[in-house]
Amino acid sequence: VQLQASGGGLVQPGGSLRLSCAASGSVFSINAMTWSRQAPGKVRELVASINSGDSTNYADSVKGRFTISRDNAKNTMYLQMNNLKPEDTAVYYCNADLTYYSGTYLQRGDYWGQGTLVTVSS
């Protein structure tokens, strides 16, 4: 099982980006998924989460600007980021708590994507 994050880049303040995180391999189902970020010199912080029932939570710093969503058919999660600010600059990581096939059994595991860099600058 692998998680692949994509969609980062350079954007001007006030702009938008959409990040994607796709799970591949022998995935049976995805439970909770999260986006975290780590800015230079700072600790990693949780940005948004979505559970299997599509309930979402956001950090106060991104409420009203970011939207997390998922497409279960594609085993993919998204983070729509609008009205970006310079302080949103960070490496964004996705995480998934998922169930996967292991031979004839189902196993549950926690996986991280490789990170995608978002830079907000004029």
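What you see is a predicted model; the values in this text were computed from it and never measured.
Counting heavy atoms from C-beta outward, Phe28 and Leu98 have side chains that stay 4.5 Å or more apart.
Here side-chain hydrogen bond (donor to acceptor under 3.5 Å, both in side chains) pairs that include residues 6-24, with residues two or more places apart or in two chains, are Ser16-Asn82.
Looking at every heavy atom in both residues, Asn72 comes nearest to Arg70 through OD1-NE, 2.8 Å. Looking at every heavy atom in both residues, Ala48 comes nearest to Leu79 through CB-CD1, 4.2 Å.
Under a hydrophobic-cluster definition in which Ile, Leu, Val, Met, Phe, Trp and Tyr are linked whenever side-chain heavy atoms come within less than 4.5 Å, directly or via other members, Tyr93 and Leu19 are assigned to different clusters. Under the 4.5 Å side-chain heavy-atom criterion for Ile, Leu, Val, Met, Phe, Trp and Tyr, Val1 and Met77 are members of the same hydrophobic cluster. Tyr78 and Leu3 sit in two unconnected hydrophobic clusters of ILVMFWY residues. Membership requires side-chain heavy atoms under 4.5 Å apart, directly or through other members. The hydrophobic clustering, which links ILVMFWY residues whose side-chain heavy atoms are closer than 4.5 Å, places Phe66 and Val11 together.
Using modelled atom types, one side-chain atom of Asn95 and one backbone atom of Tyr111 make a donor-acceptor pair closer than 3.5 Å.
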Run the side-chain donor-acceptor check on residues 113-122: report pairs under 3.5 Å with partners two or more places apart or on a different chain.
residue, atom, partner, partner atom, Å
Gln114, OE1, Ala5, N, 3.1
Gln114, NE2, Ala5, O, 2.8
Thr116, OG1, Gly8, N, 3.0

N/O donor to acceptor pairs below 3.5 angstrom from side-chain atoms of residues 30-42, sequence neighbours left out:
residue, atom, partner, partner atom, Å
Asn31, ND2, Asp97, O, 3.3
Asn31, ND2, Asp97, OD1, 3.4
Arg37, NE, Glu45, OE2, 2.6
Arg37, NH1, Asp88, OD1, 2.9
Arg37, NH1, Tyr92, OH, 2.9
Arg37, NH2, Glu45, OE2, 3.1
Arg37, NH2, Ser61, OG, 3.4
Gln38, NE2, Lys42, O, 3.1

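Rounding to the nearest 0.5 Å gives a distance of 10.5 Å between OG of Ser26 and CG of Leu106.
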